[in-house]
Structures are given as structure tokens and as C-alpha cells.
Amino acid sequence: MLEEFKAFIARGNVMDLAVGVIIGGAFGKIVSSLVDDIIMPIIGAVTGGIDFSNYFIRLSSAVTATNLVEAKKQGAVLAYGSFITVVIQFLILAWIIFLMVKAINRLRVKEEAKPSAPAAPPADIALLTEIRDLLKTRT
């Protein structure tokens with residue numbers, strides 16, 4: 001069973017998937033930072049200082065705080081501002097992945113369009129061709 005597990009892990013697809021998951025996690029952090037630290041402040045500046053991260057609806061009368069962190073400590077809240085931020089992050093990530101796939105597909109089309117070298121003839125045909133050429137030179 002251990003040998004089967006080693007063979008499974010050593011397969012290229014499993015390793016590719018592991019690398020993809022690790023890179024995807026790191027890329028997700030980059031996108032989160034892009035949205036939280038660059039895009040959302042710009043949106044806030046354009047819309048007059050709106051900060052989506054503190055948009056919430058109080059679901060309990062015990063919630064009196066004006067910011068989301070404190071409101072969550074006091075009781076139940078519906079944090080729709082955080083949801084808006086996550087949706088924007090998803091859209092940016094999906095757009096970047098779309099552009100990457102599009103670029104890769106474009107490269108594949110270029111590779112397929114290149115004329116490939118003619119395949120080498122089978123060994124018996126190559127031998128017969130060589131014999132024919134030798135016979136031509138002798139006559």
C-alpha cells in the first residue's frame with residue numbers, strides 16, 4: 001500500500017495540482033491586497049469616502065457599534081460590505097485567470113500553426129531509398 005501511495009504522489013498530475021493550489025493561495029493573497037489596499041480606497045475616494053468594509057445591518061438590538069469589528073463583538077450583524085469586497089476580489093481574480101488562459105491559448109494556436117518537420121520514413125523505406133540511390137550512382 002505504501003508503494004502504491006508513493007506512485008500516486010509521484011505522478012505528475014498530483015504534483016501539478018499541489019503546485020497550483022499553493023500558487024493559487026499566494027495569488028489569492030495578492031488579489032486580496034490589491035482589492036483591500038488599492039482598489040477599494042480608490043473606489044472610496046471616488047464615491048466620497050465610502051468604505052465598504054464597515055457596511056453592515058444590525059440583526060440584534062444589542063448592536064450599537066458603528067464599525068464592523070465592534071458590532072460583531074456585540075451581536076449578530078449582516079456584513080454585506082465584506083461580501084461586496086469579496087465579490088470584487090473574485091471578479092478581479094476571474095478576469096486575471098481569463099486573461100492568462102486567453103494568452104496561453106493564443107500561444108498554443110501559434111505553436112499549432114507552425115509547420116512541423118516531416119516525419120522520418122520507416123526504416124525499411126529509408127533502406128530501400130538508400131539502395132536505390134546507390135544503384136543510380138553506379139549506372
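In this text, all values refer to a predicted model and were calculated from it rather than measured experimentally. Numbers here simply count residues along the sequence, with the first being 1.
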Going only through I, L, V, M, F, W and Y residues with side-chain contacts under 4.5 Å, is there a path from L59 to V69? no

Measuring from R106:CZ to L99:CG, what's the distance to the nearest 0.5 Å? 9.5 Å

Heavy-atom nearest pair, F56 first then N67, reads CE2-C, 3.7 Å

Point-to-point distance, once rounded to the nearest 0.5 Å, from CZ of F90 to CZ of F83: 10.5 Å

Decide whether I84 and V77 are clustered together by the hydrophobic rule: side chain heavy atoms of Ile, Leu, Val, Met, Phe, Trp, Tyr closer than 4.5 Å, transitively. no

Determine, using the 4.5 Å side-chain heavy-atom cutoff (strictly less than), whether I30 and V87 are members of one ILVMFWY cluster. no

Between CG of L91 and CZ of F98, what distance do you get to the nearest 0.5 Å? 13.5 Å

Can you name the nearest heavy-atom pair linking K72 to A79, along with the distance? CE-CB, 4.5 Å

Give me the atom names and distance for the closest heavy-atom approach of S61 to T64. O-CG2, 4.5 Å

Can you list the residues that meet the side chain to side chain donor-acceptor pair (under 3.5 Å) rule with D37, with sequence neighbours excluded? S33

Grouping I, L, V, M, F, W and Y whenever their side-chain heavy atoms are under 4.5 Å apart, do L34 and W95 come out in a common cluster? no

Linking I/L/V/M/F/W/Y whenever any side-chain heavy atoms sit under 4.5 Å apart, do I92 and V101 land together? yes

Inspect the surroundings of CZ in R108 and state if more than 12 heavy atoms from other residues, nucleotides or ligands are less than 6.0 Å away. no

Heavy-atom closest pair, residues A71 and V63: CB-CG1, 3.7 Å

Are I38 and I42 packed together at the side-chain level, in the sense that at least one heavy-atom pair is separated by less than 4.5 angstrom? yes

Roughly how far, to the nearest 0.5 Å, is CZ of R132 from CG of L127? 12.0 Å

Report yes or no: does N54 contribute a side-chain atom to a donor-acceptor pair with the main-chain N or O of L68 at less than 3.5 Å? yes

Is the backbone of A65 close enough, under 3.5 Å, to the side chain of R58 for a donor and an acceptor to pair up by distance? yes

